[in-house]
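Side chains are part of it too, since the values below use all heavy atoms of this structure and drop only hydrogens, waters and symmetry mates. Chain identifiers are assigned alphabetically (A, B, ...) following the order of the sequence lines, protein sequences preceding nucleic acid strands; residue numbering begins at 1 within each chain.
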Protein chains: 4
Amino acid sequence: MTADLNKYSVRTDLALEAREMAQPDIHVPLPGVEEHVENAAGIKVTNLNVYNEEGSRAMGRVQGRYLTLEVPALRKKDSDLQDRVATKFAQLFEKYLIDAGVKSTDKVLIVGLGNSNVTPDALGPMVVENILVTRHYFELVPEQVSPGYRQVSAVAPGVLGTTGIESSEIVHAIVEKTRPDVIIAIDALASKALERVNTTIQVADIGIHPGSGIGNKRKGLTQEILGIPCIAIGVPTVCYASTIVNNAIELMKEHFKHENVKSRDVIGLLDEVSEQERLQLVKEVLEPLGHDVIVTPKEVDEFIEDMANIIASGLNAALHEAVDTNNVAAYTH
Amino acid sequence: MTADLNKYSVRTDLALEAREMAQPDIHVPLPGVEEHVENAAGIKVTNLNVYNEEGSRAMGRVQGRYLTLEVPALRKKDSDLQDRVATKFAQLFEKYLIDAGVKSTDKVLIVGLGNSNVTPDALGPMVVENILVTRHYFELVPEQVSPGYRQVSAVAPGVLGTTGIESSEIVHAIVEKTRPDVIIAIDALASKALERVNTTIQVADIGIHPGSGIGNKRKGLTQEILGIPCIAIGVPTVCYASTIVNNAIELMKEHFKHENVKSRDVIGLLDEVSEQERLQLVKEVLEPLGHDVIVTPKEVDEFIEDMANIIASGLNAALHEAVDTNNVAAYTH
Amino acid sequence: MTADLNKYSVRTDLALEAREMAQPDIHVPLPGVEEHVENAAGIKVTNLNVYNEEGSRAMGRVQGRYLTLEVPALRKKDSDLQDRVATKFAQLFEKYLIDAGVKSTDKVLIVGLGNSNVTPDALGPMVVENILVTRHYFELVPEQVSPGYRQVSAVAPGVLGTTGIESSEIVHAIVEKTRPDVIIAIDALASKALERVNTTIQVADIGIHPGSGIGNKRKGLTQEILGIPCIAIGVPTVCYASTIVNNAIELMKEHFKHENVKSRDVIGLLDEVSEQERLQLVKEVLEPLGHDVIVTPKEVDEFIEDMANIIASGLNAALHEAVDTNNVAAYTH
Amino acid sequence: MTADLNKYSVRTDLALEAREMAQPDIHVPLPGVEEHVENAAGIKVTNLNVYNEEGSRAMGRVQGRYLTLEVPALRKKDSDLQDRVATKFAQLFEKYLIDAGVKSTDKVLIVGLGNSNVTPDALGPMVVENILVTRHYFELVPEQVSPGYRQVSAVAPGVLGTTGIESSEIVHAIVEKTRPDVIIAIDALASKALERVNTTIQVADIGIHPGSGIGNKRKGLTQEILGIPCIAIGVPTVCYASTIVNNAIELMKEHFKHENVKSRDVIGLLDEVSEQERLQLVKEVLEPLGHDVIVTPKEVDEFIEDMANIIASGLNAALHEAVDTNNVAAYTH
């Protein structure tokens with residue numbers, strides 16, 4: 001099974017979840033994968049470094065560094081927590097850029113992928129609306145630009161169904177014309193676990209790959225295609241119904257294990273097949289009945305707006321030295 | 001178990017689904033329930049008349065007439081089908097009103113329940129925006145009102161979290177002030193089956209009961225409270241994650257039955273417990289993990305807008321003789 | 001000419017402008033009107049107390065206390081200034097309430113007048129969305145309400161064209177049902193001067209009168225009607241084209257005066273007629289040509305959102321002691 | 001005075017109004033300009049062909065063919081009229097394309113200029129959302145494309161303040177990448193007459209020039225820059241306050257002329273100076289006072305939505321033979 005098929009079949013865009021599926025026991029290290037987890041003040045930060053082919057095969061992911069923030073309480077509309085997450089994200093992302101070799105003077109193009117008319121897919125365009133863009137000042141009045149700012153531009157290229165053009169083609173064209181040094185692409189993702197939806201931010205230096213995100217891209221945004229590094233920021237905003245069911249059965253297995261019940265008795269053969277096979281079964285049952293739709297939490301409007309604010313204010317602080325990483329929220333609305 | 005607890009535990013607001021759970025075999029009649037199903041041109045119409053206490057207990061629903069339209073293809077963005085559904089709904093609803101003893105001159109107050117800022121809960125307010133209101137003409141320039149129109153007013157009372165006032169209190173106050181003869185309340189509902197979400201319309205002459213709909217009302221809108229008949233129009237726009245899982249296991253049972261596999265082997269004890277008990281189990285597993293959220297399909301923005309148009313144009317045609325029931329779509333936008 | 005006709009003909013809802021027209025010379029006091037102006041940090045605060053019948057006739061306004069904040073720089077998208085204005089407004093409004101005899105335990109109903117689908121008329125509904133409502137906590141869990149909060153509820157009753165019911169009827173009904181001690185009604189107004197549009201806030205203890213605001217109300221919200229005090233908060237968001245023209249001719253007169261040119265030479269007879277007569281002339285010319293429309297600045301979306309935030313955060317701080325009047329912005333989004 | 005300065009000083013983007021100012025008497029032909037006016041069923045259609053340098057100088061416009069539809073009643077929310085205008089526009093635009101040498105197989109890129117968050121500037125992006133795009137079918141499944149459709153793509157490039165990139169640069173980049181044969185650019189314009197705002201559509205084969213439209217472009221979209229023809233579709237959605245005043249004085253002059261009053265007596269020297277000089281005077285008076293803002297009618301939300309529907313449905317019908325030009329409205333929502 002190739003990495004890509006694997007990823008598709010489990011229907012998650014999170015490296016964290018791919019790791020869980022490759023090896024559910026968190027204490028057993030995966031070969032070719034460096035892992036570091038820290039947990040403070042309600043924010044869990046996981047660094048996964050998939051550094052060789054073996055790690056890539058084991059995880060079903062391309063090689064790269066995956067930084068993930070998980071904040072289960074984010075859905076509780078706590079604006080103090082939101083400010084803390086934005087600040088933490090800004091600090092981590094600033095460091096991530098340095099580690100990725102991005103210089104403080106490098107020109108950045110922010111790309112907000114997705115469809116602004118489909119709320120769970122609108123994260124990217126909404127982030128773009130709150131980005132502090134500066135490129136035009138550098139172009140038009142360079143002498144008036146204060147120190148501490150770098151050149152930032154931002155576009156929301158739309159989706160194929162609305163434009164008739166692959167978003168990657170549009171981005172490629174703009175890159176050739178405006179010559180940024182690095183791309184930061186924001187996209188809505190699919191998760192296999194409902195509790196990660198709208199509570200998780202993933203950063204990866206691997207760009208955007210075909211079939212990832214919730215918008216069914218056919219062409220990617222990668223260094224190979226664009227000629228410059230592309231860092232992807234993703235937030236899971238949806239789940240497949242089949243994945244919810246499959247995941248629930250997995251949780252039931254765990255549940256019985258803790259309660260010392262033989263899960264074989266309770267959930268029968270479902271207990272014995274692999275997660276992949278079980279998912280296949282669930283899909284076979286649900287799809288013909290129109291049940292395997294992609295779903296999002298009821299409160300999607302507010303969640304997406306909050307997440308877009310966190311990411312935009314985090315980016316504004318991480319990208320411009322003049323923007324205080326301790327007070328990131330002041331620059332968005 | 002009381003009717004109300006029963007309803008809550010299965011987490012569906014559809015009488016159709018309550019009937020399915022009370023007696024999965026469609027050919028076995030329920031005592032105290034009259035049933036009539038017809039199916040034409042992709043629109044399935046079910047009439048359930050819960051006419052005595054026995055039927056009410058069996059179904060776990062209050063007595064009343066439940067009219068349900070199911071249109072599985074509605075999610076496919078077919079605007080011709082939408083027009084046909086609006087027309088069919090208008091014709092059925094016109095007849096429903098007559099059967100309910102509503103006269104063509106009776107004054108109607110349309111109530112759009114729900115929160116206009118939460119898309120899956122915004123159906124009611126969105127319908128209100130497209131209602132052809134006429135009451136003010138009758139009040140201010142009665143001599144200029146053309147024949148074929150009746151007095152219609154429409155309000156969206158908001159939700160408790162935004163107003164600090166129960167929506168039922170606001171409606172009650174407006175009823176006392178403006179003295180309509182009948183209320184038609186539109187609300188977003190929960191279904192137990194994802195494929196019914198945004199493809200189903202339920203009409204019931206029982207008003208709105210506490211705990212129904214997706215907005216957690218504490219007080220209802222019923223003839224007892226308001227003193228006038230209240231007809232509820234509901235569309236399921238969400239499912240509980242636990243219900244999706246539970247329903248999927250049910251579907252897997254059916255699936256294996258058709259394939260002549262002993263489902264006991266495949267899904268173990270889950271096969272043997274009742275639907276209620278299994279749901280209880282699923283909820284116990286999912287809730288502590290934050291998995292039992294309420295979800296809605298990803299395309300919620302478009303689905304809700306389409307449904308609101310269908311219902312508003314259907315109501316406009318059903319309520320005013322001067323509005324052609326064969327061309328209902330022309331009056332909304 | 002009655003006060004009301006007078007007001008209509010000049011097409012302003014601002015007492016400040018009525019005063020200017022009654023007596024353009026700011027140093028000549030009006031009989032029956034107390035006046036106090038202060039100007040600090042870009043915020044001009046005017047208190048007009050129309051305390052007897054003579055003052056009312058002179059101004060063409062009902063008796064009452066008119067508090068006006070003018071902040072010309074508000075349109076410049078300065079978020080620091082916005083915070084300062086919200087804070088100043090909160091402090092002034094807190095004092096205004098005390099002077100009006102409103103006690104800190106009095107129950108408040110906020111009424112957001114206007115049409116949420118017409119941006120320049122959406123101020124009221126937008127304020128309501130950002131109000132910290134608490135009444136339901138007092139009703140449902142009174143023992144859990146922290147000290148420093150009072151009972152606040154908030155409704156947006158919609159407009160006659162959408163509901164078929166006068167907004168005043170809806171408010172009256174809700175008042176009878178929920179028994180608040182005082183009403184605070186927010187409404188969009190018309191100004192005669194474009195530079196006051198979206199830069200001015202007027203507070204008046206006179207309620208809402210028929211024909212005021214931009215939504216053409218036929219019935220008012222006043223203590224006489226409602227039985228409780230009604231404080232109106234208004235922001236001019238529109239001008240009539242005829243008023244813009246008329247005002248411009250007035251400004252040209254002033255301009256020439258300063259330049260020692262005889263304005264009679266420049267603008268002819270227009271110089272000699274009264275402002276009323278000239279406006280009549282302008283309207284006669286513009287109306288048949290479809291030119292006398294009501295206009296709003298191009299940036300209306302942002303202005304209205306900013307103003308709604310200022311007023312909502314100011315109200316939240318003024319109404320609840322527990323909300324810090326020095327950090328008012330934190331409670332809205 | 002160059003053409004461009006002239007245009008700026010009168011602050012109109014309509015060729016029709018430039019013609020009126022160059023020669024107010026409609027019966028006196030302008031040298032170098034062919035003119036044809038027809039008026040039927042409430043829709044006035046003007047063709048202006050500025051065919052040589054002399055005409056260009058006289059009009060203060062670049063050479064080209066200007067087609068203008070004026071429909072004063074469009075603001076009255078008459079949906080029948082809207083359908084008729086969409087149909088008329090589709091028919092005229094289809095012919096316009098043929099006259100411009102655009103073949104029925106030519107690939108078209110629709111460009112929606114403007115800011116989707118500023119309602120009076122959102123026309124372009126709103127049209128793009130309702131365009132029937134087909135390019136991706138031609139690219140991905142060419143064998144499945146029915147006859148009667150051509151390749152159409154559509155983008156909304158955003159505005160400089162949000163993206164940091166000139167919209168013309170983005171369009172240029174996309175043109176180089178996707179190689180359309182012709183561009184159709186939709187933009188919001190400024191008019192000098194309020195009654196033309198949101199009632200007028202202008203088509204011109206001259207592209208978009210710097211400083212035109214309401215978004216202050218610095219670079220244009222023209223055949224010289226892009227290498228392919230660019231047809232501009234514009235709708236005036238705003239006026240400058242100074243233009244409203246100036247125009248009103250002009251209307252007063254006309255008014256007195258008809259009433260046999262010597263306007264010299266009434267409006268003094270204002271009667272004698274040229275329109276340009278008077279405008280200069282008005283601007284000098286209004287600008288320092290913050291009065292010379294750009295305004296739009298109060299009902300801007302609805303007007304822009306209606307206009308976007310008319311243009312999008314007209315384009316869909318004009319561009320695809322398979323879309324019936326007699327039933328254009330069915331394809332948008």
Side-chain angles (χ1 to χ4, degrees), chain B residues 107-112 115-118 122 125-141 145 149-180 216-219 225-226 312 319 333, chain C residues 107-112 115-118 122 125-141 145 149-180 216-219 225-226 312 319 333:
Chain B
K107 291 178 274 179
V108 174
L109 170 63
I110 313 272
V111 174
N115 187 340
S116 58
N117 289 321
V118 174
M126 227 182 266
V127 168
V128 162
E129 283 187 11
N130 285 297
I131 288 295
L132 187 63
V133 295
T134 52
R135 177 180 173 274
H136 50 320
Y137 299 122
F138 282 88
E139 295 277 315
L140 301 170
V141 286
V145 179
Y149 290 95
R150 74 163 88 205
Q151 281 201 40
V152 174
S153 54
V155 293
V159 292
L160 188 63
T162 308
T163 62
I165 310 172
E166 296 279 357
S167 52
S168 57
E169 278 187 274
I170 294 180
V171 174
H172 204 168
I174 294 171
V175 166
E176 285 173 0
K177 201 71 167 183
T178 66
R179 297 282 167 209
N216 272 340
K217 289 144 217 80
R218 245 165 322 276
K219 293 181 184 173
I225 295 173
L226 299 167
L319 293 177
H333 56 93
Chain C
K107 291 177 275 179
V108 173
L109 169 64
I110 313 273
V111 175
N115 186 341
S116 57
N117 290 320
V118 174
M126 230 183 266
V127 168
V128 162
E129 284 188 11
N130 285 297
I131 287 295
L132 189 61
V133 294
T134 53
R135 178 179 173 275
H136 49 320
Y137 299 122
F138 283 88
E139 295 276 314
L140 301 170
V141 286
V145 179
Y149 290 94
R150 75 162 88 206
Q151 281 200 42
V152 174
S153 53
V155 292
V159 292
L160 189 62
T162 309
T163 62
I165 309 172
E166 295 280 357
S167 51
S168 58
E169 279 187 274
I170 293 179
V171 174
H172 203 169
I174 294 171
V175 166
E176 286 173 0
K177 200 74 170 179
T178 67
R179 298 280 167 210
N216 272 338
K217 290 144 216 76
R218 244 164 322 275
K219 294 180 183 173
I225 295 174
L226 299 167
L319 293 178
H333 58 93

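For the pair G164(C) and R135(B), the tightest heavy-atom approach, listed with the atom from each and the gap, is O-NH1, 3.1 Å.
Rounded to the nearest 0.5 angstrom, S153(B) OG and E166(C) CD are separated by 12.5 Å. With values rounded to the nearest 0.5 angstrom, I165(C) atom CD1 is found 5.5 Å from I174(B) atom CD1.
Within the 4.5 angstrom heavy-atom criterion, atoms from both the backbone and the side chain of T163(C) approach chain B. Looking at L140(C), the atoms closer than 4.5 Å to chain B (heavy atoms on both sides) all sit in the side chain, from C-beta outward. If you measure heavy-atom distances from E176(C) to chain B, the contacts under 4.5 Å come from the side chain alone.
When side chains are defined from C-beta on, V133(C) does not count as touching T162(B), because their heavy atoms never get closer than 4.5 Å.
Ranking Q151(C), H136(C), E169(C) against chain B, the residue ahead of the rest is H136(C), based on heavy-atom pairs under 4.5 Å. Of the listed residues (T134(B), L160(B), L109(B), V155(B)), the greatest number of heavy-atom pairs within a distance under 4.5 Å of chain C belongs to L160(B).
More than 12 heavy atoms of other residues, nucleotides or ligands sit less than 6.0 Å from atom CZ of F138(B).
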